[in-house]
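This report concerns only the one structure given below.
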Number of protein chains: 2
Amino acid sequence: MERKEISNAVIKRLPRYHRYLGELMESGVERISSNDLSEKMNVTASQIRQDLNNFGGFGQQGYGYNVEYLYNEIAKILGIDRQNNMIIIGGGNFGQALTNYSNFERRGFMIQALFDVSPDRIGKSVRGIKTLDMKNLEEFLSGHHIDIAVLTVPKSTAQEVADRLIACGIKAIWNFAHLDLKVPDDVVVENVHLSESLMQLSYRISEKRDKEGSGQNS
Amino acid sequence: MERKEISNAVIKRLPRYHRYLGELMESGVERISSNDLSEKMNVTASQIRQDLNNFGGFGQQGYGYNVEYLYNEIAKILGIDRQNNMIIIGGGNFGQALTNYSNFERRGFMIQALFDVSPDRIGKSVRGIKTLDMKNLEEFLSGHHIDIAVLTVPKSTAQEVADRLIACGIKAIWNFAHLDLKVPDDVVVENVHLSESLMQLSYRISEKRDKEGSGQNS
DNA sequence: TAGATTGTTAATCGATTAACAATC
DNA sequence: TAGATTGTTAATCGATTAACAATC
């Protein structure tokens, strides 16, 4: 199966298509046209058709798209039609919150272990998932197939931990630490920078405040 | 102060500039050229200059940018030069994790209260922040100035809660629930859709797997 | 068949990069 | 002054939208 280079903009939209299709399925909708979907999602029908046709022709002229079929195809494209094993590094607030958040499992993202350095946390279980000593990271990884490492450690140790993970063959990192990790080309990193998200919101608030202050001229 | 319409792409980059400038300050760097900064950040110097010039001329020909000055100016642009009061709705895993995460406070984002419906949680304090009964939301908001409401409730109640917040005059929502909130034009929403982020990572893993499978031709 | 709607090409729009005159 | 580097205009690139022929 050959893939042409897909733009980041398209990839970002795929999970949202998947979500809307899932909701349509739940409401018992069997087929949908790009036009109807575009109205629900507030995007153009053209964009939906362009996006999907990056991956193949999933629709049928005169009919539209079969909701369940398209839902499953997008799941395959996203790679969520299979199990993804994860470990979480950092048993602090976010590490524990992510471990407790069972929704990931419904999508096949299975948390296999939690790692921490603190003796207070090591040995304890969160939702049946053991907290292991960070010292045993390499040992654990040599015996388990892990697809994704989730990084919820402080900024100060994140790069060091990432290096250890990569040395063990980890190829995908979900990074919650507020820095840009340096990784080799064959390792993928997806960042969740909460404070940057919050600052963007703050910008929008300021923007609005300024507009209102200067007699809204629109 | 007039603002022309700033593209979303630019806004997303501002917090990252702010972060790098902060790090430069910490390492005692006083001035930096767009070219040097571009190398550090892995963007083009042209883009940095274009981005900044949306907001004004912060540099000086032949000199570059004063790091501390630019850092402070970007903070002003982002609206993080002032205090932003927040409440968190939903005292579950993420609500508690966000409450415990004291880093937001260092940027002026002050959590004033946590709200929940569960009797187990109501009345308890997290890091000195009280968990209040969701029933008293309206009462609380009538007596406190809150800039941002953080939504960490389940998808099923998120829209309903958002409606209540908006009815009380809340104009900014940081939404962790996995749905697209319907809000009036004057309310800003910033979404953190963790499962979508994870799916994007999963896509990148699949993409790589496919490439390797078909004899990497690059 | 006629109507609907896709898949796909062409046109437009916007964002990024390059170039360079202005100026510190 | 000469050198460096910005601010800004022009060129390029890429993404979105529009249009329509193909086809179910």
Side-chain angles (χ1 to χ4, degrees), chain A residues 1-17 20-21 24 29-74 77 200 203 207, chain B residues 1-17 20-21 24 29-74 77 200 203 207:
Chain A
M1 189 214 290
E2 276 190 45
R3 284 192 200 235
K4 58 174 154 173
E5 205 52 53
I6 306 294
S7 84
N8 205 37
V10 174
I11 298 163
K12 273 196 191 158
R13 285 191 291 265
L14 290 175
R16 191 154 175 267
Y17 292 137
Y20 273 83
L21 289 164
L24 286 168
V29 178
E30 278 185 14
R31 70 190 186 93
I32 193 155
S33 67
S34 56
N35 204 56
D36 288 355
L37 187 58
S38 78
E39 277 170 24
K40 276 195 192 297
M41 295 188 61
N42 244 326
V43 295
T44 64
S46 218
Q47 183 164 72
I48 294 176
R49 296 205 298 277
Q50 285 275 28
D51 283 353
L52 296 177
N53 277 90
N54 281 307
F55 303 100
F58 301 120
Q60 198 167 71
Q61 282 97 331
Y63 171 88
Y65 299 88
N66 178 287
V67 172
E68 189 173 354
Y69 173 70
L70 187 55
Y71 177 84
N72 289 326
E73 287 300 311
I74 293 179
I77 293 165
Q200 285 167 50
Y203 174 87
E207 185 181 42
Chain B
M1 190 214 290
E2 277 191 44
R3 284 193 199 235
K4 58 175 154 174
E5 205 52 54
I6 306 295
S7 84
N8 206 36
V10 174
I11 299 164
K12 273 195 191 157
R13 285 191 291 266
L14 290 176
R16 191 154 175 268
Y17 291 138
Y20 272 83
L21 288 164
L24 285 168
V29 179
E30 278 185 13
R31 70 191 186 94
I32 193 155
S33 68
S34 56
N35 203 56
D36 288 355
L37 187 57
S38 78
E39 277 170 25
K40 276 196 193 299
M41 296 187 62
N42 245 326
V43 295
T44 64
S46 218
Q47 183 164 73
I48 294 175
R49 295 204 299 276
Q50 285 276 27
D51 283 353
L52 296 178
N53 276 92
N54 282 307
F55 303 99
F58 301 120
Q60 198 168 72
Q61 281 97 333
Y63 172 88
Y65 299 88
N66 178 288
V67 172
E68 189 174 352
Y69 172 71
L70 187 55
Y71 177 83
N72 289 326
E73 287 301 310
I74 293 179
I77 293 165
Q200 285 167 50
Y203 173 86
E207 185 182 41

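These numbers come from a predicted model, not from an experiment. Order of the sequence lines sets the chain letters (A, B, ...), proteins ahead of strands, with each chain counted from 1.
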Quiz item: Which base sits across from D:dA15 as a Watson-Crick or G-U pair, both distances under 3.5 Å?
Solution: C:dT12
Quiz item: Whom does C:dA21 pair with, Watson-Crick or G-U wobble, provided both distances fall under 3.5 Å?
Solution: D:dT6
Quiz prompt | Comparing B:Y65 and A:V43 on DNA chain D - which has the more 5′ nearest nucleotide | solution = B:Y65
Practice problem: Map B:S34 and A:Y63 onto DNA chain D by nearest heavy atom, then report which one ends up closer to the 5' terminus. | Solution: B:S34
Between [atom2] on [N] and [atom1] on [X], what's the gap in Å once rounded to a whole number?
X     : N      : atom1 : atom2 : answer
B:D51 : C:dG14 : CG    : C1'   : 14 Å
A:R49 : C:dT9  : CZ    : C1'   : 12 Å
A:N53 : D:dA15 : CG    : P     : 16 Å
B:F58 : C:dC24 : CZ    : C1'   : 18 Å
B:N35 : C:dA19 : CG    : P     : 14 Å
B:E73 : D:dG7  : CD    : P     : 12 Å
A:N8  : D:dT16 : CG    : P     : 11 Å
B:L52 : D:dT8  : CG    : P     : 12 Å

Self-check item: Gap between atom CD1 of B:I48 and atom NZ of B:K40 - 0.5 Å precision
Solution: 11.5 Å
Self-check item: Approximate separation, where rounding is to 0.5 Å, of B:R13 CZ and B:N8 CG
Solution: 10.0 Å
Quiz item: Does any non-hydrogen side-chain atom of A:L70 lie less than 4.5 Å from one of A:I32?
Solution: no
Quiz item: Are A:P15 and B:Q200 side-chain neighbours, meaning at least one heavy-atom pair lies under 4.5 Å?
Solution: yes
Practice problem: Look at the side-chain N and O atoms of A:T44 and state whether any lies under 4.0 Å from the OP1 or OP2 oxygen of D:dT16. | Solution: no
Practice problem: Determine: side-chain N/O of B:Q61 to OP1/OP2 of D:dA4, distance under 4.0 Å, yes or no. | Solution: no
Exercise. For A:R31, report the nucleic acid contact type (base, sugar-phosphate, nothing); a contact means any heavy atom under 4.0 Å.
Key: nothing
Exercise. Compare every heavy atom of A:E73 with every heavy atom of A:F58, then report the nearest pair and how far apart it is.
Key: CE2-OE1, 3.6 Å
Exercise. Record whether the side chain of A:S46 comes under 3.5 Å of the base of D:dA18 through a donor-acceptor pair of N or O atoms.
Key: yes
Quiz prompt | base_contact_polar (C:dT6 base, A:Q50 side chain, donor-acceptor, <3.5 Å) | solution = no
